[in-house]
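Below: the structure, in structure tokens.
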Amino acid sequence: QVQFVESGGGSVQPGGSLRLSCTVSGISTDYYALGWFRQAPGKEREGVACISTSSPYTYTYYADSVKGRFTISKGDVKDTVYLQMNSLQTEDTDVYLCNANLWTRDLRVSRNFWGEGTLVTVSS
């Protein structure tokens with residue numbers, strides 16, 4: 001069973017920073033990516049950032065709206081992923097959900113697993 005422990009959400013003023021943390025357990029494949037999505041009420045869920053360290057398929061991804069402001073990284077603890085969010089803006093206010101995207105060895109099938117989410121509020 002894939003499980004998530006998320007933390008780091010809160011309230012911050014515009015221009016401030018937060019760091020989200022997500023520790024994932026129960027991953028049973030060698031090929032997977034970890035990342036963060038966000039979703040506001042009544043809107044579609046959108047990808048924010050993700051990272052894969054599953055050799056040789058290593059990559060990072062950022063949504064255009066957060067490039068240069070957010071940084072995703074893996075921690076020293078296995079399968080812990082961080083999202084450093086700088087220069088936060090009011091439009092960044094959302095519930096942020098940790099995501100694990102798992103692939104079979106032949107890369108034919110993927111499965112998504114989701115954390116409960118942590119609320120980020122940016123207001124003056």
Side-chain angles (χ1 to χ4, degrees):
Q1 181 179 357
V2 179
Q3 295 180 309
F4 301 84
V5 179
E6 300 165 295
S7 64
S11 181
V12 67
Q13 293 182 329
S17 298
L18 289 171
R19 189 176 80 154
L20 306 183
S21 175
C22 177
T23 298
V24 187
S25 62
I27 296 175
S28 59
T29 178
D30 292 332
Y31 305 102
Y32 62 96
L34 304 177
W36 293 91
F37 285 63
R38 63 187 181 186
Q39 185 171 25
K43 297 184 178 180
E44 294 184 353
R45 186 174 297 175
E46 63 173 336
V48 177
C50 67
I51 183 169
S52 172
T53 56
S54 301
S55 180
Y57 308 103
T58 59
Y59 65 87
T60 56
Y61 163 83
Y62 295 97
D64 289 341
S65 60
V66 306
K67 287 181 179 177
R69 300 189 297 120
F70 292 8
T71 303
I72 192 167
S73 62
K74 298 285 292 294
D76 293 335
V77 178
K78 183 177 174 59
D79 296 332
T80 296
V81 61
Y82 302 99
L83 185 67
Q84 179 66 46
M85 304 185 294
N86 297 327
S87 301
L88 283 162
Q89 304 167 10
T90 56
E91 51 263 46
D92 295 317
T93 296
D94 268 313
V95 173
Y96 285 71
L97 302 97
C98 189
N99 164 258
N101 182 227
L102 278 56
W103 292 82
T104 58
R105 183 177 179 86
D106 59 12
L107 304 181
R108 291 183 178 181
V109 179
S110 66
R111 300 163 63 194
N112 279 300
F113 299 86
W114 302 93
E116 295 291 334
T118 184
L119 178 63
V120 171
T121 302
V122 185
S123 65
S124 59

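As the structure is a prediction and not an experimental result, all values here were calculated from the model.
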side-chain contact (heavy atoms from CB on, under 4.5 Å) assessment of Asp92 paired with Met85: CA-CA 10 Å; Asp92 295 317; Met85 304 185 294; over 6 Å; no
Verdict with supporting geometry, Thr104 and Thr29, side-chain contact (heavy atoms from CB on, under 4.5 Å): CA-CA 7 Å; Thr104 58; Thr29 178; over 6 Å; no
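There is no path of hydrophobic side-chain contacts, each under 4.5 Å, that joins Val122 to Val95. One hydrophobic cluster, built from ILVMFWY side chains closer than 4.5 Å, cannot hold both Phe37 and Ile27; they sit in different ones.
The two residues Glu6 and Cys98 have their closest heavy-atom pair at OE2-N, 2.7 Å. Across all non-hydrogen atoms, the minimal contact from Val24 to Ala100 is CG1-CB, 4.4 Å. Between Ser65 and Arg38 the shortest heavy-atom distance is OG-NH2, 3.3 Å. Residues Arg69 and Ser87 come closest through the heavy atom pair NH1-O, 3.0 Å. Minimum interatomic distance between Gly115 and Leu97 (heavy atoms only, all atoms of both residues): O-CD2, 3.7 Å. Between Gly47 and Ala63 the shortest heavy-atom distance is O-CB, 3.4 Å.
Put simply, the side chain of Tyr62 does not reach to within 4.5 Å of the side chain of Cys50, judged on heavy atoms. Here the side chains of Ser17 and Gln84 are in contact, with some heavy-atom distance below 4.5 Å. Using a 4.5 Å heavy-atom threshold, the side chains of Trp36 and Phe70 count as separate. Side-chain atoms of Trp103 and Val109, non-hydrogen and from C-beta on, never get closer than 4.5 Å to each other.
Atom OG1 in Thr118 sits 11.0 Å away from atom CG in Leu83 (nearest 0.5 Å). Between the CG atom in Leu102 and the CZ atom in Arg111 there is a gap of 7.0 Å [rounded to 0.5 Å]. In this structure, the separation between CG on Leu88 and OG1 on Thr121 is 10.5 Å, given to the nearest 0.5 Å. If you take OG1 on Thr71 and CG on Asn86, they are separated by 6.5 Å, rounding to the nearest 0.5 Å. Here Ile72 contributes atom CD1 and Leu34 contributes atom CG; the two are 7.5 Å apart, rounded to the nearest 0.5 Å. Between the CG atom in Asp79 and the OG atom in Ser25 there is a gap of 8.5 Å [rounded to 0.5 Å].
Looking only at distances, a side-chain donor or acceptor of Thr93 sits under 3.5 Å from a matching main-chain atom of Thr90. With hydrogens and angles disregarded, no donor-acceptor distance shorter than 3.5 Å links the side chain of Asp94 to the backbone of Tyr96.
Remark: Ser54 engages Tyr31, Tyr32, Ser52 in a side-chain contact (heavy atoms from CB on, under 4.5 Å) (not counting sequence neighbours). In terms of the salt bridge (charged side-chain N to carboxylate O under 4.0 Å, His left out) criterion, Lys43 has no residue partners (sequence neighbours excluded).
There is a side-chain donor-acceptor pair under 3.5 Å between Thr23 and Thr80.
With a 6.0 Å cutoff to the six-membered ring centre and a 45° limit on the axis angle, Arg45 counts as a cation-pi contact of Trp114. For the pair Arg19 and Tyr82, the cation-pi test (distance below 6.0 Å, angle within 45°) is passed.
Heavy-atom contacts from other residues, nucleotides or ligands closer than 6.0 Å to CD of Glu91 number more than 12.
Within the hydrophobic cluster formed by Ile, Leu, Val, Met, Phe, Trp and Tyr side chains joined at under 4.5 Å, directly or through other members, Tyr61 stands alone, with no partner residue.
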